[in-house]
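Below you'll find the structure, written out as structure tokens, and then a few comments.
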Amino acid sequence: MSRVMPRFDTLAAAKYDSTPTGQKRHRTNLEEVYGENLFGLHEMKSRLPTAQYEALLSTIENGTELDGSVADSVAAAMKEWALEKGATHYTHWFQPLTGSTAEKHDSFLKPTGDGRAITEFRGKELVQGEPDASSFPSGGLRQTFEARGYTAWDPTSPAFIMEGPGGAYLCIPTAFASWAGDALDKKTPLLRSMNAIDEQSRRALRLFGSPPKAVKPTCGAEQEFFLVDEEFFYRRPDLQTAGRTLFGTKPPKGQELDDHYFGSIPARVLEFMNEVEFELYRLGVPVTTRHNEVAPGQYEMAPIYEDANQAADHQQLVMSTLRRIARRYGLVVLLHEKPYQGVNGSGKHLNWSIGTEDQNLLEPGDTPHDNMQFLFFCSAVLKGVAAHQDLLRAAVAHAGNDHRLGANEAPPAIISAFVGDQLQDIFEQIEKAGEATSSKPSGLLGLGVKVLPNLPKHAGDRNRTSPFAFTGNKWEFRALGSSQSVSFPAMVLNTIVAEAIDDLCTKLEAALEKGTSFDDALRELLASEIHEFKHVVFNGDNYSDEWVEEAERRGLLNLGSTMDALPKIVDEKNMALFEKYGVLSHRELESRYEIYVERYFYAINIEGETAQHMAQTMILPAAARYLNELLTTAERADELGMRSDGVTKTAQALNRLIDQLTDKLSVLAKQNQELGGDDVVSKAEHMRQNIIPAMTDVRDVADRLERIVPDDLWPVPTYRDMLFVK
């Protein structure tokens with residue numbers, strides 16, 4: 001009997017030889033390359049009249065309102081620059097609530113009516129656009145038939161040129177709102193939250209006697225991802241539709257030897273990364289780090305820190321550039337949090353701080369125990385985390401991240417904060433005595449070899465199991481999933497810290513009005529606040545069972561699933577928080593809750609139907625073919641008088657698995673047809689309670705079949721193929 005040959009070629013994929021896609025990327029003068037496709041301050045200053053440039057700079061740095069005449073000048077300069085770069089169109093580049101980006105292209109060319117045309121771009125076209133908003137998620141903020149939406153130019157995030165085989169176009173970062181003025185995007189609430197933390201931080205700086213300069217949150221997002229050969233990707237319907245493998249048994253070797261982590265980057269991957277970095281440099285995205293991650297086929301790239309708004313925009317550019325460039329090398333980027341069962345998933349650590357143009361407010365200095373301004377702002381962060389641990393958990397809640405959080409490869413779903421030995425000791429001193437008189441020293445680390453230098457040693461170690469960790473002069477929010485936008489988590493951080501600073505300032509001001517000296521009032525305030533937030537501070541092993549029990553005793557929440565966490569978004573205290581600081585109205589916040597629940601439903605629904613389709617039309621037929629071969633072999637052996645005990649036993653085991661798969665498939669098919677009710681919450685709960693267990697049962701049988709069915713009959717690439725072909 002002829003054997004069905006596999007529809008993919010592992011050897012061909014392994015022999016892939018990339019070829020240069022252009023000469024520009026081989027230029028080595030990075031200073032010359034950096035920002036060449038960015039209409040940043042340097043370009044603006046060279047093209048705008050001095051008065052108008054200074055007015056624009058004041059808007060960018062201080063948030064002052066922009067005059068219409070400045071917009072006209074910027075538009076003219078921007079058009080001239082874009083045309084010089086070969087752009088033919090412009091687009092208002094925005095971030096709807098899909099979590100990705102959107103754009104509608106308009107030509108610079110305008111007909112004059114006499115058979116000729118001119119290039120034109122005016123201030124009003126720069127400032128406002130009007131894309132169709134009918135098909136973007138709105139969470140009930142507008143009816144489907146109400147299509148009008150507006151985009152508004154964000155001057156704090158520079159325009160840039162996108163290039164491709166089809167030409168170049170100008171991208172103008174914008175906010176996106178409905179006709180009624182409701183925010184329909186990720187950017188608008190982020191900008192509002194930045195205003196809130198700026199206002200409250202300036203207030204605090206005035207109390208400390210510091211110049212009340214503009215205070216901005218800064219972010220840097222570490223992006224983890226997997227690479228898979230496109231030969232394999234397009235043979236896996238689950239990767240195409242769900243972003244992760246719904247079937248697949250662990251290979252004999254996974255990440256057990258820890259030999260991939262920080263190993264030498266494979267040549268093909270390194271060439272890909274070089275080109276990604278080159279394109280990002282041209283866009284002014286400050287990527288600085290790259291390395292192999294823990295799992296085979298997993299990698300990381302990370303930028304230095306920027307203003308939160310630009311960091312969020314740049315994070316979108318990082319993801320889109322990774323996807324775009326990968327195809328040139330016969331690769332596909334997987335941003336799902338858990339593409340492969342049984343190996344580490346991918347996260348996106350969000351490094352967050354606040355500061356002025358010349359001062360990081362979370363920099364402890366050499367003697368943090370007497371750096372009262374640092375202790376004030378650090379306490380404000382911890383106060384915000386303690387008050388809104390539920391919001392931080394909800395900010396990272398989505399279907400993909402449920403596979404990762406708490407899986408001993410990522411932080412648990414319990415939100416706690418790691419502060420390190422030095423800072424914890426200072427807090428304990430203040431709580432007990434009202435002040436801290438010493439800081440644990442950092443010192444030097446000797447390695448016992450004369451030729452090796454003594455290394456500066458930090459005062460405390462890092463904790464890789466903590467979801468929210470202080471790492472020297474910033475906080476690292478480590479619970480984000482690799483596929484998500486950083487805008488919502490950053491917005492939550494900004495807002496909860498703004499509230500905490502507000503409350504601390506109010507208490508200080510009340511004490512000062514009573515005649516208490518500032519130093520005494522501050523010491524008393526910090527001592528009382530530390531007592532209130534210390535329950536959220538934990539420096540130990542967040543993976544241990546003991547911590548789960550201790551966290552419950554401390555009153556910390558353990559919201560294990562997205563559907564446990566999302567309802568916290570619309571808790572009364574959180575609605576009041578966002579309303580008070582003008583970040584999200586009740587309507588806007590409720591819309592986010594509905595959209596996030598709906599996206600959870602759709603994600604699991606797609607997975608359930610894909611799993612049913614693959615098991616029914618690919619895995620079951622492959623198993624049946626092998627069973628037929630075994631039965632034919634046994635029959636021929638019997639005809640020849642040969643023993644076939646092994647073949648018969650294999651056939652019996654295979655037949656039992658086929659029966660089990662059929663039974664489990666019927667359950668999954670039934671659940672797929674029952675969507676769980678009319679409202680989106682009921683549908684999402686049906687996914688969690690019924691579809692996910694049914695998919696798990698089908699996968700269990702299918703993965704056991706993979707261990708029996710011959711490799712050349714198995715219908716999809718295996719984990720061995722996908723993880724180890726570089």
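Here the structure is a predicted model, which is why all the values come from computation and not from measurement.
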Legend entry - Check: Tyr281 side chain, Pro286 main-chain N or O, donor-acceptor pair, under 3.5 Å: no
Inset, instruction - State, yes or no, whether a side-chain contact exists between Gln315 and Met319 at a heavy-atom distance under 4.5 Å. - result: yes
Legend entry - Side-chain touch Arg323/Leu335, heavy atoms, less than 4.5 angstrom: yes
Inset, instruction - Check whether any side-chain heavy atom of His89 sits under 4.5 Å from a side-chain heavy atom of Glu103, and report yes or no. - result: no
Legend entry - Side chain Thr356, main chain Ala214, donor-acceptor under 3.5 Å: no
Legend entry - Side-chain H-bond candidate by donor/acceptor type, Asn37 with Glu279, under 3.5 Å: no
Inset, instruction - Using the side chain to side chain contact (heavy atoms under 4.5 Å, CB included) rule, take Glu594 and Val680 through it: C-alpha gap first, then chi angles, then the decisive distance, then the call. - result: CA-CA 8 Å; Glu594 183 174 327; Val680 69; 4.3 Å; yes
Inset, instruction - Determine whether Leu557 and Ile414 make a side-chain contact, defined as any pair of heavy atoms from C-beta on separated by less than 4.5 Å. - result: no
Inset, instruction - Decide, yes or no, whether a salt bridge links Arg244 with Glu607 under the criterion of side-chain N to carboxylate O below 4.0 Å. - result: yes
Inset, instruction - Tell me, yes or no, whether the heavy-atom count around Asn62 atom CG, taken from other residues, nucleotides or ligands under 6.0 Å, exceeds 12. - result: yes
Legend entry - Salt-bridge contact Glu80-Arg47 (side-chain N to carboxylate O under 4.0 Å): yes
Inset, instruction - Please check if the side chain of Asp72 supplies one atom and the backbone of Gly123 the other of a donor-acceptor pair under 3.5 Å. - result: yes
Legend entry - Donor-acceptor under 3.5 Å (Gln316 side chain, Ser100 main chain): no
Inset, instruction - Look only at the side chain of Asp679 and the backbone of Ser682, and say whether a donor-acceptor pair between them is shorter than 3.5 Å. - result: yes
Inset, instruction - State, without any angle test, whether Ser157 and Asn309 hold a side-chain donor-acceptor pair at a distance under 3.5 Å. - result: no
Inset, instruction - Would you mind checking if Lys573 and Asp390 are paired as a salt bridge, meaning a charged N to carboxylate O distance below 4.0 Å? - result: yes
Inset, instruction - Look at atom NZ of Lys124 and say whether more than 12 heavy atoms of other residues, nucleotides or ligands are closer to it than 6.0 Å. - result: no
Inset, instruction - Could you tell me how the ring of Tyr596 sits relative to the ring of Phe488: parallel (under 30°), tilted (30 to 60°) or perpendicular (over 60°)? - result: perpendicular
Legend entry - Donor-acceptor under 3.5 Å (Ser591 side chain, Glu588 main chain): yes
Legend entry - Exercise: do Arg203 and Thr506 side chains pair donor with acceptor under 3.5 Å: yes
Inset, instruction - Tell me yes or no: between the side chains of Asn401 and Arg404, is some donor less than 3.5 Å from an acceptor? - result: yes
Legend entry - Side chain proximity check, Ile161 to Leu170, heavy atoms < 4.5 angstrom: yes
Inset, instruction - Return yes when atom NE2 of His42 has more than 12 non-hydrogen atoms of other residues, nucleotides or ligands closer than 6.0 Å, and no otherwise. - result: no
Inset, instruction - Measure from the side-chain N and O atoms of Arg599 to the backbone N and O of Thr98, and report whether any donor-acceptor pair falls under 3.5 Å. - result: yes
Inset, instruction - Decide yes or no for Val570 and Met575: does some side-chain heavy atom of the first lie under 4.5 Å from some side-chain heavy atom of the second? - result: yes
Inset, instruction - Please check if the side chain of Asn360 supplies one atom and the backbone of Ser353 the other of a donor-acceptor pair under 3.5 Å. - result: no
Legend entry - Donor + acceptor pair across side chains of Asp67, Ser69 (<3.5 Å): yes
Legend entry - Polar side chain donor-acceptor pair, Thr174 to His92, under 3.5 angstrom: no
Legend entry - Tyr90 and Phe121 aromatic ring geometry - parallel, tilted or perpendicular at 30°/60° bounds: tilted
Inset, instruction - Answer whether the closest heavy-atom distance between the side chains of Asn195 and Tyr581 falls below 4.5 Å. - result: no
Inset, instruction - Ignoring hydrogens and angles, tell me if any N or O in the side chain of Lys348 forms a donor-acceptor pair with the backbone of Gln484 under 3.5 Å. - result: yes
Inset, instruction - Evaluate the salt bridge (charged side-chain N to carboxylate O under 4.0 Å, His left out) criterion for residues Lys187 and Asp313: first the C-alpha distance (whole Å), next the side-chain angles of each, then the deciding distance (0.1 Å), finally the verdict. - result: CA-CA 9 Å; Lys187 178 183 281 284; Asp313 285 356; 2.9 Å; yes
Inset, instruction - Output yes when a side-chain donor or acceptor of Thr151 lies under 3.5 Å from a complementary backbone atom of Gly129, and no otherwise. - result: yes
Legend entry - Modelled atom types, side-chain donor and acceptor of Ser483 and Glu337, under 3.5 Å: yes
Inset, instruction - Inspect the contact between Arg587 and Glu590 and indicate whether a charged nitrogen and a carboxylate oxygen are less than 4.0 angstrom apart. - result: no
Legend entry - Close side-chain approach of Val583 to Met491, heavy-atom, < 4.5 Å: yes
Legend entry - Ser379 versus Glu529, side-chain donor and acceptor atoms under 3.5 Å: no
